[in-house]
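Heads up: the structure comes next, in structure tokens.
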Amino acid sequence: MRHRKSALQVCLLFPCIFAVINCGNPKQSGGTAGHLSEPVLKNQYTLAGTKNLYSGYRPIDSKGYIHVVVEIPAGTSQKWEVNKNSGNLELELKDKKPRIVNYLGYPGNYGMVPRTLLPEEKGGDGDPLDVIVLGPAVPRGTVLQARLIGMLKMLDGGEQDDKLIAVMLDSHFADIGSLEELEDRYVGALRILDLWFSNYKGYGVMESGGMADEKEARRVLEKAIDAYSEQEVLAEK
């Protein structure tokens, strides 16, 4: 009970803290540095990009920055997800109603790395690799370049569900290169991220394995890229 109370106390401070360090206008243009694309609204449930949002972008560029498709803008709770078959961004429905995450708004721009896969047969969830990008909120469906700085190791029902941690290039986080630098500048930020992802599905559902540095995060990313490539080769046979 003491742990739950502590988590609640910190999470109650979360909106105030991130209102300061993660401030921004969610309607800002995606045409700034590091923003590759914004999607077009096909209907109230579907956004389509200029390219396939799952397979149309490389996971890493020539400078080592990762590409991120933003599914859920910072501070929001409506659950959108890239459809691996169509490559469109779609609103998730539950009982024919839009799915809303029943918790505090997301602590950053949340999305996935294109052309990655965490295979179920290797302990993953069968989905692309998740990533949280710290910086001002951007429109959902924006494709960002971001600097990878670490990872939050998570298990969801026993399945690997790691969350890469990255920073937006055109933001006040841009010069942060490691988790240590993030914590030095914004004390408590890592604990907030850990608490948020440990509790947003309800107490005890998600299991945190703690933080990992950029090198370990990149190893997980490379394995997810290889897994996608292997699946692509098999599909062509």
Side-chain angles (χ1 to χ4, degrees), residues 34 36-37 39 47-72 79-90 92 106 108-134 140-167 178-179 193-194 197-198 200-201 205-237:
L36 303 182
S37 175
L47 286 163
T50 54
K51 299 179 182 179
N52 184 302
L53 293 173
Y54 185 40
S55 64
Y57 295 89
R58 292 180 298 161
I60 307 174
D61 70 11
S62 60
K63 296 181 179 180
Y65 297 132
I66 62 173
H67 290 155
V68 180
V69 179
V70 176
E71 298 168 314
I72 306 172
K79 193 76 168 62
W80 288 66
E81 189 170 274
V82 171
N83 184 309
K84 292 182 292 185
N85 296 317
S86 68
N88 293 330
L89 182 57
E90 299 177 355
E92 289 191 29
Y106 274 73
N109 295 293
Y110 184 78
M112 48 78 78
V113 181
R115 301 180 70 86
T116 61
L117 179 66
L118 291 174
E120 294 178 4
E121 60 271 20
K122 295 184 179 180
D125 57 6
D127 289 331
L129 195 52
D130 297 326
V131 55
I132 188 86
V133 182
L134 302 181
R140 72 172 46 87
T142 300
V143 182
L144 298 174
Q145 292 171 296
R147 177 182 292 111
L148 180 63
I149 64 170
M151 180 177 67
L152 175 58
K153 296 187 287 186
M154 300 294 297
L155 289 176
D156 183 357
E159 295 179 340
Q160 181 183 359
D161 194 17
D162 298 329
K163 313 295 182 184
L164 298 183
I165 302 173
V167 293
S178 68
L179 296 182
L193 293 175
D194 195 332
F197 282 105
S198 296
Y200 80 111
K201 288 187 177 182
V205 177
M206 301 289 289
E207 181 181 347
S208 172
M211 297 289 174
D213 63 15
E214 186 269 341
K215 289 184 178 180
E216 185 173 345
R218 199 162 289 274
R219 284 196 293 268
V220 170
L221 174 59
E222 289 171 354
K223 288 181 180 179
I225 293 171
D226 290 342
Y228 176 90
S229 298
E230 291 171 7
Q231 184 188 69
E232 193 175 38
V233 169
L234 291 174
E236 292 175 352
K237 290 182 177 181

Which heavy atom of [X] sits nearest to which heavy atom of [Y], and what is that distance?
X    : Y    : answer
L53  : V143 : CD2-CG2, 4.0 Å
D61  : Q145 : OD2-NE2, 2.7 Å
A227 : L117 : CB-O, 3.5 Å
V70  : L89  : O-CD2, 3.9 Å
V131 : A166 : CG2-CB, 4.1 Å
V69  : P114 : CG2-CD, 4.4 Å

Q | Derivation of the side-chain contact (heavy atoms from CB on, under 4.5 Å) call for V233 and Y228 | A | CA-CA 9 Å; V233 169; Y228 176 90; over 6 Å; no
Rounded to the nearest 0.5 Å, what separates atom [atom1] in [X] from atom [atom2] in [Y]?
X    : Y    : atom1 : atom2 : value
S178 : I165 : OG    : CD1   : 11.0 Å
N52  : Y57  : CG    : OH    : 9.5 Å
R58  : I225 : CZ    : CD1   : 10.5 Å
Y54  : M112 : OH    : CE    : 6.0 Å
M211 : L179 : CE    : CG    : 6.5 Å

(Q) Has S198 got a side-chain atom pairing as donor or acceptor with M206's backbone, closer than 3.5 angstrom? (A)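 Not at all, since once roles are kept as given, no pair shorter than 3.5 Å links the two residues.
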**Q.** Short side-chain to backbone donor-acceptor contact, Y65 and L144, under 3.5 Å
**A.**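 Here the side-chain-to-backbone pair does not exist.
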Q. Under 4.0 Å between a Lys/Arg side-chain N and an Asp/Glu carboxylate O for R147 and E214?
A.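 So R147 does not pair with E214 through a salt bridge.
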Check: [Y] and [X] side chains under 4.5 Å, non-hydrogen atoms:
X    : Y    : result
R115 : E232 : yes
L129 : L118 : yes
K84  : P128 : yes
M151 : V220 : yes
L148 : L164 : yes
L47  : E90  : no

Q | Enclosure of K79 NZ (heavy-atom neighbours >12, cutoff 6.0 Å) | A |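 For K79, atom NZ is crowded (more than 12 foreign heavy atoms under 6.0 Å).
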Q) Going by atom types alone, do D226 and S229 pair a side-chain donor with an acceptor below 3.5 Å? A)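 No pair is found: no donor N or O on one side chain lies under 3.5 Å from an acceptor on the other.
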Q) Are a donor atom and an acceptor atom from the side chains of D125 and Q160 found within less than 3.5 Å of each other? A)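 Side-chain D/A pair, D125 to Q160: absent.
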(Q) Under the criterion side-chain contact (heavy atoms from CB on, under 4.5 Å), I'd like the reasoning laid out for I72 against N109: C-alpha separation, chi angles, the key distance, then a yes or no. (A) CA-CA 6 Å; I72 306 172; N109 295 293; over 6 Å; no
**Q.** Test side-chain contact (heavy atoms from CB on, under 4.5 Å) applied to E71 and V82, step by step
**A.** CA-CA 7 Å; E71 298 168 314; V82 171; 3.6 Å; yes
Q | side-chain contact (heavy atoms from CB on, under 4.5 Å) evaluation trace for D162 with L152 | A | CA-CA 6 Å; D162 298 329; L152 175 58; over 6 Å; no
Q: Look at the rings of Y200 and F197 and say which category their plane angle falls in: under 30° parallel, 30 to 60° tilted, over 60° perpendicular.
A: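 Perpendicular: the ring planes of Y200 and F197 meet at over 60°.
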